[in-house]
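Report on the following structure.
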Amino acid sequence: TLTYTNMIHCMCLKGKVDDALCFLDEMINKNYTPDVVDYTVVISGLCKRGRMEQAYEILEKMQKNGCEPSVWTYNHIIDGLCIVGQVEAALEWVRVMQNGGFDPNIYTYTILIDGLCKVGKLDWAKEIFDEALGMGLKPNVVTYNALLNGHCKGGKLNEALTLIEDMYQTDCEPDRVTYTTLLQGLVKGSRFSEALSVHDEMEEKGYEVNLQTLNSLARGLCREANHKDASRLFKRMQQRGYAHDATNYYLWIHSCCMAQEMEAAQTLLYEMMSNSYTPNIMTYNTIIKGFCKQGRLDDATKMINFMLENGTNPDIVSYNILIKEFFKQGRVNDAHQLYAAALERGVVPS
RNA sequence: GACAUAUUUCGAAAU
């Protein structure tokens with residue numbers, strides 16, 4: 001029995017639900033009796049993948065075999081329905097479990113709140129939240145985070161900030177997820193000074209700001225042409241020994257180019273290559289555009305050649321930028337020459 | 001012994 005239980009758990013953890021299903025069947029066929037947890041783990045695995053029909057089958061099977069489902073069993077069913085977007089059906093199951101004599105716990109409510117938020121029903125989610133309070137349940141960080149995420153995604157940033165206040169007032173300490181969610185929301189709403197404060201607060205409190213979040217903040221700052229804060233962010237990353245990725249390098253280079261700091265941009269290009277990141281076409285084009293902006297057309301031309309040497313073919317954009325600039329400066333011959341070269345390489349500039 | 005939450009890619013030329 002122990003072996004089967006272990007196998008079922010293991011398979012579900014690895015995402016091999018079908019194998020877990022086989023073990024469960026085999027267990028029953030050999031007249032062992034799986035317990036609630038065995039059944040629930042399998043149901044959980046199925047629900048996480050939205051395979052609700054099969055989850056129902058197992059639920060029926062367990063009841064037929066005289067095994068009572070627990071709150072957790074129901075929670076997984078409810079979660080699965082939320083995952084496939086059937087929140088109404090999920091709410092229906094809450095009633096089913098109540099009729100069966102089980103009180104929903106804070107996990108049940110958190111699942112519902114998250115589900116409602118993910119389909120944009122924020123007011124409803126708030127109602128469920130209040131209902132949980134009315135039941136004497138204490139919302140935890142995850143409950144708040146789910147509600148917070150919904151409000152951030154829905155652009156309700158002021159409400160989101162109010163939620164943070166509530167958290168402090170109810171002694172629910174915000175965690176890394178709270179801050180990351182808020183930071184992402186503020187970036188999405190272009191509220192960069194607040195986003196930067198959240199970022200600083202995270203650093204102060206020792207919460208890790210992940211690379212994706214840093215990149216999206218940096219991208220927002222670049223969009224706003226806020227080179228000062230962007231470069232502060234990049235430099236801080238370097239100080240703290242964060243690893244850069246290709247996107248991060250691209251954004252940094254882009255930021256430098258916009259600020260006309262071409263030497264820095266070039267240094268970063270070499271640095272990223274020596275760290276074995278391959279610059280993409282946008283990284284190169286940003287640099288070409290940066291040189292053009294400064295009228296350094298020969299450097300821009302060199303960059304085209306550098307690309308060719310390093311196995312990245314300049315695209316229509318690369319050529320367009322430079323040809324246009326040649327014309328602007330009255331270097332008609334160079335423009336024509338580059339156009340011809342582009343054609344030879346199979347690109348037709350417009 | 002099983003359970004819930006967030007995680008960029010809206011980016012470069014032209015138009």
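Labels below follow one simple rule: chain letters A, B, ... track the order of the sequence lines, proteins then strands, and each chain is numbered from 1.
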Interatomic distance where [atom1] belongs to [X] and [atom2] belongs to [N] [whole Å]:
X: A:Y74; N: B:rA4; atom1: OH; atom2: P; value: 19 Å
X: A:N313; N: B:rA13; atom1: CG; atom2: P; value: 21 Å
X: A:Y39; N: B:rC3; atom1: OH; atom2: P; value: 20 Å
X: A:E325; N: B:rA13; atom1: CD; atom2: P; value: 13 Å
X: A:L157; N: B:rA6; atom1: CG; atom2: P; value: 18 Å
X: A:L148; N: B:rA6; atom1: CG; atom2: P; value: 12 Å
X: A:L122; N: B:rU5; atom1: CG; atom2: P; value: 18 Å
X: A:N248; N: B:rU7; atom1: CG; atom2: P; value: 20 Å

key: Parallel, tilted or perpendicular, as decided by the 30° and 60° cut-offs, for the rings of A:F234 and A:W252   =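 Parallel: the ring planes of A:W252 and A:F234 meet at under 30°.
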
message = Is the ring pair A:Y56/A:W93 parallel, tilted or perpendicular, if the boundaries are 30 and 60 degrees?
response =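 Parallel, since the angle between the ring planes stays under 30°.
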
Base, sugar-phosphate or nothing for [X]? Non-hydrogen atoms, less than 4.0 Å.
X: A:T5; result: base
X: A:D114; result: sugar-phosphate
X: A:Y250; result: sugar-phosphate
X: A:N6; result: nothing
X: A:S350; result: nothing
X: A:S70; result: base
X: A:N105; result: nothing
X: A:T40; result: base
X: A:K324; result: sugar-phosphate

Measure from the side chain of [X], starting at C-beta and using heavy atoms only, and say which of [options] lies closest.
X: A:I111; options: B:rA4, B:rC10, B:rA6; answer: B:rA4
X: A:T181; options: B:rU5, B:rC10, B:rA6; answer: B:rA6
X: A:K118; options: B:rC3, B:rA12, B:rU5; answer: B:rU5
X: A:V142; options: B:rU5, B:rC10, B:rG1; answer: B:rU5
X: A:K153; options: B:rA6, B:rA13, B:rG1; answer: B:rA6
X: A:H9; options: B:rG1, B:rA12, B:rA4; answer: B:rG1

ask   = Looking only at heavy atoms, what is the nearest atom pair of A:T312 and A:P279, with distance?
value =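 For A:T312 and A:P279, the tightest heavy-atom pair comes out as OG1-O, 4.1 Å.
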
query = What are the two closest heavy atoms between A:V84 and A:M52, and how far apart are they?
reply =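 Smallest interatomic distance, heavy atoms only, reads CG2-CG, 4.4 Å.
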
request  = Within residues 41-60 of chain A, find the residues that approach RNA chain B with a heavy atom at under 4.0 Å, and present them sorted by residue number.
outcome  =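 Going residue by residue through residues 41-60 of chain A, the ones with a heavy atom under 4.0 Å of RNA chain B turn out to be A:V41, A:K48.
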
Check if the side chain of [X] and the base of [N] share a donor-acceptor pair of N or O atoms closer than 3.5 Å.
X: A:N285; N: B:rA12; answer: yes
X: A:R223; N: B:rC10; answer: yes
X: A:N210; N: B:rU7; answer: yes
X: A:N140; N: B:rA4; answer: yes

key: Helical stems, RNA chain B - three or more consecutive Watson-Crick or G-U wobble pairs below 3.5 Å   =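 If one scans RNA chain B for consecutive Watson-Crick or G-U pairs, no stem of 3 or more turns up.
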
key: Residue-phosphate contact under 4.0 Å: A:K289 side-chain N/O, B:rA12 OP1/OP2   =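 The answer is no; no side-chain N or O of A:K289 sits under 4.0 Å from OP1 or OP2.
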
message = Once rounded to the nearest 0.5 Å, what's the spacing between atom CE of A:M97 and atom OG1 of A:T73?
response =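 Atom-to-atom, A:M97:CE and A:T73:OG1 are 9.0 Å apart.
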
Heavy atoms from other residues, nucleotides or ligands near [atom1] of [X] exceed 12 (cutoff 6.0 Å):
X: A:K293; atom1: NZ; value: yes
X: A:D123; atom1: CG; value: no
X: A:K205; atom1: NZ; value: yes
X: A:K138; atom1: NZ; value: yes

task = Tell me whether the centres of the aromatic rings in A:Y74 and A:F102 are closer together than 6.0 Å.
result =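 Centroid distance A:Y74-A:F102: below 6.0 Å, so yes.
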
inquiry  = Less than 6.0 angstrom separating the ring centers of A:Y4 and A:Y32, yes or no?
reply    =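 Under 6.0 Å, so yes.
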
query = Which residues pass the side chain to side chain contact (heavy atoms under 4.5 Å, CB included) test with A:K153, sequence neighbours left out?
reply =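 Once residues adjacent in sequence are excluded, the partners of A:K153 under the side chain to side chain contact (heavy atoms under 4.5 Å, CB included) criterion are A:N149.
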
